[in-house]
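It should be emphasised that the depicted structure is a prediction, and the values quoted were computed from it without experimental measurement. First the proteins, then the strands, lettered A, B, ... as listed; each starts at 1.
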Amino acid sequence: MTAANMLVDAAAQAGYYALFSRSSGPQIRGGEAAALLRLSAEPITSVDDTFQILLAIDWLNVVRFAAELPLGPDSLILADPAAGEVPEILSRTGARIVDLPMKDLAQSIPGGRPNMIALGVVAALTGLGVEPVAEVLGKSLKKKHADAFEASLAAVRHGAETGQSLDAPCRSLPAPLPRHGGRWTISGNHAAGLGAIRGGIRFCAAYPITPATESLEYLSSALPKIGGVFVQAEDELASINMCIGASFGGDASITATAGPGLALMTEGLGLAVSSETPVVVLDVQRGGPSTGIPTKSEQSDLNIAIYGLHGDAPHLVLAPQSIGDCLFTTQWAVHLAEAMQAPCIVLSDQSLGQSRAVIDPAPASPFFANREIARTPAEGETFKRYALTNTGVSPMPIPGTPGCQYTADGLEHAESGTPSSQASDHSRQLDKRLRKLVLHDYGSHWASIEGEGEIAVITWGSCTGAAREAVNRARADGINAKLIAPRLLYPTLPEQMARALDGVSKILVVEQSHLGQFNRYLRGEYDLPVRPDLLSRPGPLPIRPGEIHARLLAMGK
Amino acid sequence: MTAANMLVDAAAQAGYYALFSRSSGPQIRGGEAAALLRLSAEPITSVDDTFQILLAIDWLNVVRFAAELPLGPDSLILADPAAGEVPEILSRTGARIVDLPMKDLAQSIPGGRPNMIALGVVAALTGLGVEPVAEVLGKSLKKKHADAFEASLAAVRHGAETGQSLDAPCRSLPAPLPRHGGRWTISGNHAAGLGAIRGGIRFCAAYPITPATESLEYLSSALPKIGGVFVQAEDELASINMCIGASFGGDASITATAGPGLALMTEGLGLAVSSETPVVVLDVQRGGPSTGIPTKSEQSDLNIAIYGLHGDAPHLVLAPQSIGDCLFTTQWAVHLAEAMQAPCIVLSDQSLGQSRAVIDPAPASPFFANREIARTPAEGETFKRYALTNTGVSPMPIPGTPGCQYTADGLEHAESGTPSSQASDHSRQLDKRLRKLVLHDYGSHWASIEGEGEIAVITWGSCTGAAREAVNRARADGINAKLIAPRLLYPTLPEQMARALDGVSKILVVEQSHLGQFNRYLRGEYDLPVRPDLLSRPGPLPIRPGEIHARLLAMGK
Amino acid sequence: MTAPTYSAKDFRSDVKPVWCPGCGDYGVLASIAKAFADLELAPHQTSVVSGIGCSSRIPAYTNTYGFHSIHGRALAVGAGLKLARPDLTVLVAGGDGDGFSIGGNHFIHACRRNVDMTYVVMDNRVYGMTKGQPSPTTEADWDASAMAPPGGTGVTPFHPLAIALASGANFIARAFSGDINGTAALIAEGVRHPGFSFITVMSPCITFREEQRDWKTIVRPTGFPPTSDPAQAARRLMTDDGFNMGVLYRGNRDSFAKPRSTECTIADLDSEFAV
Amino acid sequence: MTAPTYSAKDFRSDVKPVWCPGCGDYGVLASIAKAFADLELAPHQTSVVSGIGCSSRIPAYTNTYGFHSIHGRALAVGAGLKLARPDLTVLVAGGDGDGFSIGGNHFIHACRRNVDMTYVVMDNRVYGMTKGQPSPTTEADWDASAMAPPGGTGVTPFHPLAIALASGANFIARAFSGDINGTAALIAEGVRHPGFSFITVMSPCITFREEQRDWKTIVRPTGFPPTSDPAQAARRLMTDDGFNMGVLYRGNRDSFAKPRSTECTIADLDSEFAV
Ligand SMILES: Cc1ncc(C[n+]2csc(CCOP(=O)(O)OP(=O)(O)O)c2C)c(N)n1
Ligand SMILES: Cc1ncc(C[n+]2csc(CCOP(=O)(O)OP(=O)(O)O)c2C)c(N)n1
Ligand code: SF4
Ligand code: SF4
Ligand SMILES: [Mg+2]
Ligand SMILES: [Mg+2]
């Protein structure tokens, strides 16, 4: 992993974009693990169809995730013969196998390690070269560990020489594009954390859970620096309710979790709906149901995020579409939650959250927590917390404001907040809580809509990148395809969707779930012009651009 | 309430059917309260459009639920003038107002109480007569409280005389139908409890909550008599997980709750899905979201019941269609959960659960817990708990069986139960867990399908009675309408629904929720021939037959 | 100009309680209002947070920033509020079911975390709101409930004060709702004491536990001066019969608070990700 | 024919643990297997129930009826199982996070309810599985975690044994995972003891708390004979430094069990509703 991280940094240094994720076996520490890397001169938002190079220092129980390493006849397997035979599941892909005795090569360098040899080989084969790698090595090691630096650099050079001399044809990277400004390396979980803070989050209570923990680690260290508060709660029930308390107190609040934790939060989310207390929940989805597959990605929390609250409890659900978009979408989530005094769930997933990418820096965006604040009422007026306004948003006081005392309530209530079981109060407050969501102007951010044509690919979240790539390929093939990827999943925007679907006569829904959750949601919530085709599969295998492209080719005939 | 209960018992005694519910204000004890009664010579499964008689001893804050007391020009308000003016919201309905000085009348009888006067008046006006009332009074009072019995009876007689002499035209009950066997008086919550036990439930862990508590009270007293176990748990997280533990141990298990408790159970339900442990959850729905309106009815937990689990977690959701059907459906739920080793949610609601009805006794039904049990494997064979069978059901051992030791797991697993994060194990187990649900033969119980025609009313749960009555009225008007009310809400049965919808060109969906949850579910899950019309409204006002009928008339034009 | 002072009445709203006539909770409401007035607080600087139950209805009857949250979660809501807004006086209130049954985990963690707030539990040894089921403090042999088997649950009741002590609560007291002044004084002392203060108030449910009307004849002031030695407090609590009123433990742990000062800008945070 | 007897090995499955080499939990696994063998139980009559965490992976490594449930709920699953099946030996196992953080409420209620089962907590004062966050037993100043502020959380750690005592646990012991025989003996004694037995096992996380390797040099047998006096036990626990191994409390409450006998038929139940 160290070597792969260095390669990412080196690529960034040299002006390339990169996408880096990892896959590993069940051992808590050690055991088999693979670093999965894509490098490109252009921005990357998706995995590729196959890997060009598989470099194996050893095999251990690689079969446990071999299916996650797609190879083809154009792929190259560089393997240390000392690690034994290439597993059949990999060799039968037709990939070309080249022996690379990394352990032996490393031994020829004093202090050399096989992973540095490997790094050098890859730097050579991709055309990245040794220079950027040396620079990264220098930054991380030179000062404190001069010996290690020298040894590593020597090993990298040795690897690079070996790489160059290998009879291993391999697409080299094109020259990097000219750079405007710097680049970032960031994971989706960190991006979400930074987006939250940019949006104005100043309170986080949370309970650790894979694969959301890095967001929490980030917030736990960043929030205090910026005048915010982070608390590790005793469980998710406490997390969400602490956030509600802090938000009632005036702080924009967030918690982050994964499926099992989200399940524990739905009662609290219902309270946020009814008491109209803004709060953001970042759900980094993993394989389900139940404990499922904590370290692998899936898009199967859509149902619970949209429909998982008891009663009629409309709220906000957003989904970021790339690692970088985790920042924008979380920032927007804070803005929307605060503007509408409603809970907002952000559906990220493991493949976004725990992957690291080289991206262009996130531009500033205008979305900030901006609650409609109630002020002390004029003499003789009484404050009504849940007043029936036209927008559905009722000004909310910050505790400490004289004259606005009220009781926030999860019981149905009259405009004042006093509990009421009257049909009229109930329906008026239900209407108001829905109205504020549907009347809000979400602008163009509600969806990515790209291209024109009769065939629409409708997808969401982390599948967006692959779908975009597939649509672009299909368009290059002369197929009139368009991409529709809602970033706002709930509430639904019937008019906007109808406009996006104008002229569409075939639909392909793409998602990573077993039950086709997104497809059912689309059919139930929208008037689609046609029964969609569905490309859906559970995790952990990502849906790759080639699969979508193939479906589009078939549909385009 | 005592008087109303006696009237129900008396009606039952005399061979009539009855439906009795109550509505009250917020006070924990005392305060305004109304007993809502419908009496009929034929079985009743729905409230009526208006009340014929409103009898008021006092008014207190009746406006708090006056909307729940529909009156019309044909209605009669009998009010004690001592209680003051009839509230405007009631008098403006055009109902005829007749003075009835119940307090004074009561004072003329030593020990007489106004409610017994009222009971006598109603007995006379409905044509029920004093005899059955006297019999009921005798049963409840004669032995222990001879004085009270005499006083009450005298008051009832005095009331009846007054009633007869009133100038108050009122439809009398027709003669009762000849009876075959006895009758029952039972509430939906008790019926569900009895159904559970009939189905084989022998364990219940639960936490009290309105309006499910009576089910628990029933089970807590009935289970021990029949060799079962009842535990009051510390919370709903404990309830569901204790049930899972007991079920793993071999006991068919149930818990009962309402929305807020169900929200806390979804993580446990996901564990039941993944570990394939049968368990039944009775959710008696109330007004939502959050704490909402605990004492009033609504059908707004449909979303959470079907879609509230994280990950892809298919399971069973059923809904009873009448008070008596609470028995059948809960019994069936036990059978289905056990047959498929899956959690089953039964969606009752306050209007079914807390209403009391006179019904025909529930016939025996063949549905019983009948788990596919694994036996000690033959020498040399190893037991695979999650074997990939054709039906999707894998035999489950009872702990204590030699040779079948395994670990139940919420982590994704291989056939043996050993955790696995491999794509192939994941998709195979997901397929299996879905397969067992969709391959099961649910017979005709999956839905009530009545009548034929181009117009279909699709409804569910407690709305079924009103919809049935409306369809019958429409058919009497010459409109070809049919009723489709799925008792099995999840999984969905596309073929059966398609057959039910054969020839249908107009659909009216009827439900009691604000967001039209059932409508979206139907659209998302089924291929409907046409975009449905929707008659949907949140609680607490029930949807009455006349409203549905009016919509059918409009659609039939 | 001196700051206005407020009387107990100013801390009461005009919402009529749903409580049964004679419920002990009326006394607790009066005590809270009196305590806030005695502490010379202003209504808009106070907050009363609760869960669900008869007792948990209390916020709406106060004129404060109230939060009637969900069953068992009041302490979490209260802690979030106090951590976000150290300037407010946060009082969390509720019942024995809300606090010790469904809310038990937040209770022990609140004791341990020691956020500066005051927790008032109206203990009536029953679930009043749901019509009379045994709670964690209900006597093992109480069986006048449709949800208890004849002879009672047989489960030894909890000792919330002992658990609070073992979990790290910084101030522990017992009060009786019939004694409005005494309860108000204990609440005021709890509010003043740093960290997490726990005050259990014996508050009769005259509807489901009529026999609790007798409490007024049984309660007595504790004979001991308050101790700050946990071992001594533990011994006393383990042998106490449950009717000694007063401060039973007064600890000296620092309260948990999060300093809120801005050390950097968003641009600084951005720059951590620059290549 | 005499019943077959089983050796510790028979209680082990052939699933390879995911634990780090050197993790303390290997010792606990060995101790459980040994305890079951020493108790002359048969694998099919035993059950090991857990939540989620490194330690909670243990059921799959035993050859029993295991249940690897969800985070924090092991005691509820275990109680349901034992109440339904009093004939089985039910051992519940897990970590300090699972048991005392998210599972804290079930812990105190299990102590109080006193169902006859044995709860073994592998306490490593950290969340191992999620890569090293502070748990309720983590020292206030431990800050080698990406989720703890510099200087540590500042929150005083819990004392689970004291809470167990205050909550009514019937048997309380402390063990060290490095001492397989000693731990096995304590587990066996806990299983034999009626009611709820709680055994905390100090089980080092050598990956996130390397310093816990030193525990083996610090632990010592408790100097006192076990007491059945709660007040005495409370005093000892309140002053104990956390390194005394052995039985610390041995109570004599009856365990909570539900008799299962059939007194009536379904027809009898039906008839209650007849007019
Ligand atoms: C999640 C959830 N479970 C159950 C309930 C039902 N419920 C409401 S109040 C209550 C118990 C209240 O008891 P306590 O806290 O002692 O308050 P009291 O009414 O006695 O003052 C219960 C079980 C609920 N509202 N929410
Ligand atoms: C509801 C839920 N929240 C959070 C998690 C994530 N999680 C898994 S294990 C764990 C902590 C484990 O700590 P501990 O019980 O001490 O076990 P250890 O790994 O240290 O043995 C957490 C927070 C989860 N699986 N489920
Ligand atoms: S039921 Fe009991 S606790 Fe509730 S208001 Fe009445 S007396 Fe008070
Ligand atoms: S992380 Fe710690 S607790 Fe987990 S297996 Fe490794 S050493 Fe054991
Ligand atoms: Mg109570
Ligand atoms: Mg731990």
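Residue B/Leu262 does not touch chain A at all, counting heavy-atom pairs closer than 4.5 Å. With a 4.5 Å cut-off on non-hydrogen atoms, A/Asp409 does not touch chain B at all. Both the backbone and the side chain of B/Glu267 come within contact range of chain A, judged by heavy atoms closer than 4.5 Å. Looking at B/Arg286, there are no atoms closer than 4.5 Å to chain A (heavy atoms on both sides), in backbone or side chain. Contacts between B/Asp283 and chain A at a heavy-atom distance below 4.5 Å are absent for every atom of the residue. Using a 4.5 Å cut-off between heavy atoms, B/Pro260 touches chain A through backbone and side chain atoms alike. If you measure heavy-atom distances from B/Gln422 to chain A, the contacts under 4.5 Å come from both the backbone and the side chain. For a residue to count as touching a neighbouring chain, one of its non-hydrogen atoms must lie under 4.5 Å from one of that chain's; by this rule A/Ile306 does not touch chain B. Residue contact with chain A, scored on non-hydrogen atoms closer than 4.5 Å, is absent for B/Leu269.
Rounding to the nearest 0.5 Å gives a distance of 5.5 Å between CD1 of B/Ile293 and CD of A/Glu412.
Ranked by heavy-atom pairs under 4.5 Å with chain A, the first of B/Ser513, B/Ala67, B/Pro538, B/Gly261 is B/Ser513. Considering only heavy-atom pairs separated by less than 4.5 Å from chain B, the leading option among A/Tyr307, A/Phe65, A/Tyr526 is A/Tyr307. For the set B/Gly539, B/Pro419, B/Ser424, B/Gly292, the count of heavy-atom pairs under 4.5 angstrom toward chain A peaks at B/Gly292. Considering only heavy-atom pairs separated by less than 4.5 Å from chain A, the leading option among B/Thr291, B/Ile304, B/Asn303, B/Asp312 is B/Asp312. Ranked by heavy-atom pairs shorter than 4.5 Å toward chain B, the options A/Ala272, A/Gly308, A/Ser420, A/Ser427 are led by A/Gly308. Comparing B/Arg520, B/Glu525, B/Gln299 by heavy-atom pairs within less than 4.5 Å of chain A, the highest count is held by B/Arg520. In terms of heavy-atom pairs under 4.5 Å with chain A, the best-connected choice from B/His426, B/Met265, B/Arg433 is B/His426. In terms of heavy-atom pairs under 4.5 Å with chain A, the best-connected choice from B/Gly259, B/Gly516, B/Pro26, B/Ala313 is B/Gly259.
By the side-chain contact (heavy atoms from CB on, under 4.5 Å) test, B/Arg537 pairs with B/Leu541, B/Ile543, B/Glu547, sequence neighbours left out.
The backbone N or O of A/Arg523 lies less than 3.5 Å from no partner atom in the side chain of A/Arg531, so there is not a single donor-acceptor pair. Distance alone, capped at 3.5 Å, is enough to place a donor-acceptor pair between the B/Gln429 side chain and the B/Tyr386 backbone. Of the possible donor and acceptor atoms, one in the side chain of B/Gln517 sits under 3.5 Å from a partner among the backbone N and O of B/Ser300. At least one donor-acceptor pair under 3.5 Å links the side chain of B/Tyr521 to the backbone N or O of B/Leu489. Between the B/Thr210 side chain and the B/Thr295 main chain, no donor and acceptor come within less than 3.5 Å of each other.
Using a 4.0 Å cut-off between a side-chain N of Lys or Arg and a carboxylate O of Asp or Glu, B/Arg428 and B/Asp431 do not qualify as a salt bridge.
Taking the side chain as every heavy atom from C-beta outward, B/Gln285 and B/Gln512 never approach each other to under 4.5 Å. Using a 4.5 Å heavy-atom cutoff, the side chains of A/Val47 and A/Arg544 are in contact.
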